[in-house]
Every structure is written in structure tokens, then in C-alpha cells.
Undergrad: 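Quick one: structure below, then a few questions.
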Amino acid sequence: MLENLIIENFAIIEKVALQFDSGMTVLTGETGAGKSIIIDALLMLTGGRANSEMIRHGSQKAILQAVFSVPKNKILIDKLTENGIDIDDGELIIYRELKHNGRSLIRINSVVVNLKTLSIIGRYLVDIQGQNDTQQLLNPEEHLPLLDAYGDAQLLATKSDYQQIFHEFRTITQRIRRIQTSQQEITQRLDLLQFQQQELEDANLQPNEENDLLDTRGKLLNYKKIADRLQNAQMALNGDQGGAVDLLAEAMQALQEIAEYDDNYAELARTIADSYYTAQEVSRDVDEQMSDLTYDEAELLRIDERLQLIHSLERKYGTTVADVLLFKDHVDKELSMMDNDELDVEKLQMTQNDLRQVLRKQAIKLREVRQKVARDLEQAVNQQLNELLMSGAEFAVHFEQIEGFVSSGTDKVEFHVQTNVGEGMAPLVKIASGGETARLMLAIKTAFTKQQHIISIVFDEADTGVSGRVAQAIAKKMLTIAADSQVLAITHLPQVAAAATHHFLIAKTTEMDRTVTQVKALDEDGRERAIAMMLSGDNITETALANARDLRKQALKLPY
């Protein structure tokens, strides 16, 4: 349940810290005092989108924080674990900062998360029912999602199986349509890819080929200079008049003859000997290079032509040979995906027909499971309607099969209702009055709450348009819901306020030319005065106080 809520610099609220208990808590006060702002703050803490206008004027940022005690809800715990959030102590702390630049900082148990993650987790913590929920109930497009949300694991699995087959069917259908409408484009693309593949295969590029060709070309273009320099080196090493090798030999012999007289002479002899042998090896290597050196004009022409081909391919397909080879891999892969079989529309249509038959069977199975869930929902809602003093009313889920297939199946679902005996069933949107819609919404919410085990339910003026015995019935129903889930309710009905286990009064005052919202937890005397004010206005009469006490006595007798 929601244990406490801290709001700072949010809308007209400067700072409020609220402590909540289990059961049913009501928030009352005059219009504009800030009741809905508290619900808006709770909405922000469970994934609602925010904007900078929500920050109190003159403040740098708004701060919102909520602490929840979390029961052992496996789905919720799995979602938290997926995001690295630990709740070993069973407590969940959600913190959110709203800033003027539109960004917000969100932490759950000190782990920074994004808005999407907060929204996913928030739906298991708080369910806020207000005008949007009523509009959802009156929108037939929302009825199928509502029915599916009420479903059990069997419905979830059956729907998943259908959607998997539907995805395959839609993919192949789109492929057929794409081929049929863009055959020329596909053929042109295929021709281009085949040309590119053939051109690259004919070129037979090798990874280091370009560098090797450039090295060989450089040698051929500089043949005379290389030959002259090799010859000069050879003459210096082994010339007719005596070269470096002969001179090193003489020096080595001279030093070896005196090596026995001094270790330094011996070391010099060894050093000059190493130089002599190295010079001999270099001389032989220069001789080999000179004998290997040739000039082949035809080879130079071949290299130039090959380099021109490589540069042409690099201009087309990449800046380096490596890029060109990578491009060829992409061409080969795309061509393999554009296998002729895939372009055979008849073959694809045969596969499509097979999938259509499987999909039709799965759609029928999904409808049967949905109809079973619908019967359960009808029974649960009708029981709640009876307890909400709509004994002549009847709720039903109407099915209609649509043509073709969509991702949700082949079912069109609409909620029908009969509000009075003998009037006949009709679409909910056409028949329900404001007060009846409120009770229908409450009945459906009660049915969903028992099944989904939501931690906290918020009713934001969900009792609008009712009074008298109906108001008492709604109060009783909210109290019944509070036996399984914590209930927070903004209300203008004294009957609902009287039934609550806890009562906060929200008031708006002016301090230093600024509007300030204050929230006060009421004791029994305070509750009686607040209820009396709801009955008679600011002028609280003794009659109003007596009526308030009577409402409280009746409420204390309600089952909880």
C-alpha cells in the first residue's frame, strides 16, 4: 500500500507530507483547494508524463516521493528484478524530480530508471480512476482491451499464440503485396545486385593486393635509379681496387695478430670480425638483388591496368579494397535473401493460404476463451451492480465477428447494458446516465481489483452525479474494495466521506501573497465538522452536525 507521499513545489502546493494507512482514505475540501493536484502527483510517481508548468511558480524544481509497502506480487517483483531493483525489505521508494528544461530524474529504491520503466512498474502499484476511465468505459474501442485485461493466463497464452501466427501471416501478406506492386523495382534491384556481384567476382580482389601492386610499380618506375645505387653499393663493398670487405679483412687480420697481448685488442678483433662477416653477407645480398632486378614494361602496363580497375571499384563501392570486399559481402547476402523462390508469388500465396487456415482456427479458439472470460466478467459485474442498488440492471459483453484478421483477433467487443427491467439491452454509450456510468465503472473496477490484486485504488471524483441511497451504496462498495486494496478517494459526497476509515481535509490559504495548500488529518470531531460542511456549506448548523454524526454512526456499521 501507499505509506507516505511527499510533494514539494508542485502546482500550488509548496510542501505537503502525508502518511497513509490501509483501508479507505478520503480527501475532501473546496473546489480548487488542491485535491486533484495530490492525485496528479501520485500519477507522476507512477509513470505519468510531466511538463515544466507543473513546477510551482518561482521554484527551480518540483520534488515528489512516495513510499509503498509491496506484497508478494510475483509479476511486480519480476519487473523490479529485471530492472535491477531490490526490495528485500518489502519497501519501494519512488523519487521524481521535475525540472524546467522538461527533463526529470526518476529513482526507484535509489536505482535511476526511465519514464517507461516507471510506468510499467507503476501500473502494479496504483490504479487511478477518474474522468479518463469513464471516457474509456464509454469508448467501444476500449472494451476489447478491458476484457482481455480481465482474462486469465489461458487467455493471455491463447492471444499470444494467435498474435504469433498473425505476425507470420501479416509478414507474408505484406511481402506478396510489395512484390505485386513493386515488381519492376524489385527486378531492377535484382539486376543491379547481380551485375555488382558479377563485376566484383570477376575482379577477384585480394585484401593486400593494392599495396603489393603499388610496391612493384614503384620498383619498375625507378628501375634505373635502383640499379645504379645497387651497383654503387657493390663497388663500395667489393670494388676492383679493393672495397670495404677487403679493408675490413685487413683490419681484422692486423688486430687478430696482436690479440694475445691484450684483452682490449682481442675485443677489437672480435668486433671487426663481426663487421667483416656482416659486410660479406650484405655484399652477397646486393649481388642477389642486382641479379633479380629486371625491367618488364609489359608487367608495368598490367599493373597500371589492375590499379585502374581497383580504383574504379573503390570509387563505386568503397574507399579501400577492404570496403569493396565488405560491400561484396552485403551484395551476396541481399541476393541470397532475394532468392527466386521468394519472388514466386504463387508459392508465397500457397503459404499464405495455409497460414490463413491456421489463423482462422486460432481466432476461433481465442474467441471461445474470450467468451468464457466474458461470462465471468458479466457475472462479477452484475453482482456488483446489484450491490450498488441497480438490481434491475444487467451488464453483458456483446461479440461481433469482423471481416479479415487484425492483431487482436477477429472479435469486435462492446459492453451492453440494461439499466431497467424490460428496456432491453443496448450499447452502454447510448443508454447510461452519468450516475449509472459512475456505478458501472465502480462495479467493473471492483471486479478487476479482486482479480488483479492492485495495491492502491484511487477514485478521483468517481462518484459524481449520484446522491442519497446510491451514494451510500457507492460508499459501501468502496469500503468493500478497501478490504483487499488500499482506497484513496476524492469525493464531494458526505456519505462516502463518512464511510472512510481515514479523512484528510485539504484547504487553500494565502501566505505572504502566495497561495498555499494545506492538508490536515482529521480526528473524529474534525471529521464530523468536515462532513457537516459538505452537507450545509460554510455555515455549519447543529442540524448539519447531527446529520454528520448520524452518517458516521451508519458508516461504522458497514462491513469492513
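On a predicted model such as this, the values are computed, not experimentally measured, just so you know.
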Undergrad: Count the heavy atoms belonging to other residues, nucleotides or ligands that lie under 6.0 Å from CD of Q174, then report whether that count exceeds 12.
TA: yes

Undergrad: Looking at E53, I'd like to know if its CD atom is crowded, meaning that more than 12 non-hydrogen atoms belonging to other residues, nucleotides or ligands lie closer than 6.0 Å.
TA: no

Undergrad: Say whether, by atom type as modelled, one donor and one acceptor occur between the side chain of T158 and the main chain of Q154 under 3.5 angstrom.
TA: yes

Undergrad: Checking S536 side chain against A532 main chain: does a donor-acceptor pair fall under 3.5 Å?
TA: yes

Undergrad: For the backbone of Q349 and the side chain of N353, can you confirm whether one donor and one acceptor N or O come within less than 3.5 Å of each other?
TA: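 A pair under 3.5 Å: yes.
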
Undergrad: Is the count of non-hydrogen atoms from other residues, nucleotides or ligands lying under 6.0 Å from H167 atom NE2 greater than 12?
TA: no

Undergrad: Does the side chain of D550 pick up a donor-acceptor pair with the side chain of Q554 at under 3.5 Å?
TA: yes

Undergrad: Let me see the working for E378 and R375 under salt bridge (Lys or Arg N to Asp or Glu O under 4.0 Å), right down to the final yes or no.
TA: CA-CA 5 Å; E378 289 169 350; R375 301 293 85 81; 2.9 Å; yes

Undergrad: Going by atom types alone, do T117 and N114 pair a side-chain donor with an acceptor below 3.5 Å?
TA: yes

Undergrad: Side-chain donor-acceptor pair under 3.5 Å between Q384 and K477, yes or no?
TA: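 A donor-acceptor contact under 3.5 Å links the two side chains.
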
Undergrad: What do you reckon, are the aromatic ring centroids of F68 and Y124 less than 6.0 Å apart?
TA: no

Undergrad: Looking only at heavy atoms, which two atoms of A489 and M478 are closest? And how far apart?
TA: CB-SD, 4.1 Å

Undergrad: How close do V413 and H143 get, counting heavy atoms only, and between which atoms?
TA: O-CB, 3.5 Å

Undergrad: Do T410 and R367 have a side chain donor and acceptor closer than 3.5 Å?
TA: yes

Undergrad: Decide yes or no for I94 and Q65: does some side-chain heavy atom of the first lie under 4.5 Å from some side-chain heavy atom of the second?
TA: no

Undergrad: Taking side chain as C-beta onward, heavy atoms only, is M54 less than 4.5 Å from M44?
TA: yes

Undergrad: Picking from K361, E368, Q362, what satisfies side chain to side chain contact (heavy atoms under 4.5 Å, CB included) with I364?
TA: E368

Undergrad: Looking at CG of L388 and CZ of R469, how far apart are the two atoms once the value is rounded to the nearest 0.5 Å?
TA: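 One finds 11.5 Å between CG of L388 and CZ of R469.
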
Undergrad: What closest approach, in Å, do N109 and E91 show between heavy atoms, and which atom pair accounts for it?
TA: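 In terms of heavy atoms, the two residues are closest at ND2-O, 3.1 Å.
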
Undergrad: Locate the shortest heavy-atom distance separating L535 from A544; write the atom from each residue and the value.
TA: CD1-O, 3.8 Å

Undergrad: Decide side-chain contact (heavy atoms from CB on, under 4.5 Å) for V373 and V397; before the verdict, give the C-alpha distance in whole Å, the side-chain angles of both, and the deciding distance to 0.1 Å.
TA: CA-CA 10 Å; V373 171; V397 181; over 6 Å; no

Undergrad: Where is the tightest heavy-atom contact between L27 and K35, given as atom of each residue plus distance?
TA: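 Taking L27 first and K35 second, the nearest heavy atoms are O-CD, 3.6 Å.
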
Undergrad: Roughly how far, to the nearest 0.5 Å, is the CG atom of N386 from the CD atom of E394?
TA: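 Taking CD in E394 and CG in N386, the distance rounds to 12.0 Å.
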
Undergrad: I'd like to know whether CD of Q379 has more than 12 heavy-atom contacts from other residues, nucleotides or ligands below 6.0 angstrom.
TA: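 Atom CD in Q379 is not crowded, with 12 or fewer foreign heavy atoms closer than 6.0 Å.
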
Undergrad: What's the shortest heavy-atom distance between A393 and L385, and which atoms?
TA: CB-CD1, 4.4 Å

Undergrad: When you measure from the side chain of H492 to the backbone N and O of E30, does any donor-acceptor pair fall under 3.5 Å?
TA: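 No, the answer is negative, given that no donor and acceptor are paired below the 3.5 Å cut-off.
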
Undergrad: About how many Å separate OG of S36 and CG of L42, when rounded to the nearest 0.5 Å?
TA: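 Result: 12.0 Å between the selected atoms.
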
Undergrad: Is the gap between the ring centers of F405 and F166 under 6.0 Å?
TA: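 Here the rings of F166 and F405 have centres that are no less than 6.0 Å from each other.
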
Undergrad: For Q486, is there any backbone N or O sitting under 3.5 Å from a side-chain donor or acceptor partner on S22?
TA: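 The answer is no, because no donor-acceptor pair under 3.5 Å joins these two groups.
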
Undergrad: Does the side chain of Q164 come under 3.5 Å of the side chain of Y162 through a donor N or O and an acceptor N or O?
TA: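 Y162 and Q164 do not have a side-chain donor-acceptor pair below 3.5 Å.
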
Undergrad: Using 0.5 Å steps for rounding, measure from the CD1 atom of I63 to the OH atom of Y95.
TA: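 I63 CD1 to Y95 OH: 4.0 Å, rounded to 0.5 Å.
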
Undergrad: Would a distance-only check, ignoring hydrogens and angles, find a side-chain to backbone donor-acceptor pair under 3.5 Å from S119 to L115?
TA: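 No, because the side chain of S119 does not come within donor-acceptor range (under 3.5 Å) of the backbone of L115.
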
Undergrad: Just verifying a value: how many Å separate I108 CD1 and L80 CG, rounded to the nearest 0.5 Å?
TA: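 One gets 7.0 Å once the value is rounded to the nearest 0.5 Å.
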
Undergrad: Could you walk me through whether H503 and T28 pass side-chain hydrogen bond (donor to acceptor under 3.5 Å, both in side chains), step by step?
TA: CA-CA 8 Å; H503 192 150; T28 66; 2.7 Å; yes

Undergrad: Name the residue from R552, R529, K553 that meets the salt bridge (charged side-chain N to carboxylate O under 4.0 Å, His left out) definition with E524.
TA: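 One option only clears the test, and that one is R552.
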
Undergrad: What's the spacing between S104 OG and N51 CG if we round to 0.5 Å?
TA: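 CG of N51 is found 11.0 Å from OG of S104.
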
Undergrad: I'd like to know whether V458 forms a side-chain contact (heavy atoms from CB on, under 4.5 Å) with D127, so could you lay out the CA-CA distance, the side-chain angles of the two residues, the decisive distance to 0.1 Å, and finally the verdict.
TA: CA-CA 6 Å; V458 177; D127 183 15; over 6 Å; no

Undergrad: Evaluate the side-chain proximity of V470 to I474: yes if any heavy-atom separation is below 4.5 Å, no if none is.
TA: yes

Undergrad: Just wondering, do F459 and L442 contact through their side chains at under 4.5 Å, heavy atoms?
TA: yes

Undergrad: So E3 and M1, do their side chains get closer than 4.5 Å, heavy atoms only?
TA: yes

Undergrad: Go through the side-chain N and O atoms of S407 and Q163 and say whether any donor and acceptor fall under 3.5 Å apart.
TA: no

Undergrad: Please step through side-chain contact (heavy atoms from CB on, under 4.5 Å) for the pair R56 and E14, ending with a clear verdict.
TA: CA-CA 7 Å; R56 180 175 167 82; E14 182 178 13; 3.9 Å; yes

Undergrad: Tell me, do L45 and L125 make a side-chain contact under 4.5 Å, heavy atoms counted?
TA: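 Heavy-atom side-chain distance check fails, nothing below 4.5 Å.
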
Undergrad: Given Y150 and I444, is the side-chain contact (heavy atoms from CB on, under 4.5 Å) satisfied, shown in steps?
TA: CA-CA 10 Å; Y150 188 76; I444 292 173; over 6 Å; no

Undergrad: Is there a side-chain contact between I172 and L348 in this structure, where contact means two heavy atoms from C-beta onward sitting under 4.5 Å apart?
TA: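 Contact flag for I172/L348 side chains = yes.
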
Undergrad: Are side-chain heavy atoms of Q518 and I506 found at a separation under 4.5 Å?
TA: no

Undergrad: With a 3.5 Å distance limit and no angle check, can you tell me whether R96 reaches the backbone of A62 through a side-chain donor-acceptor pair?
TA: no

Undergrad: Checking S59 side chain against K61 main chain: does a donor-acceptor pair fall under 3.5 Å?
TA: no

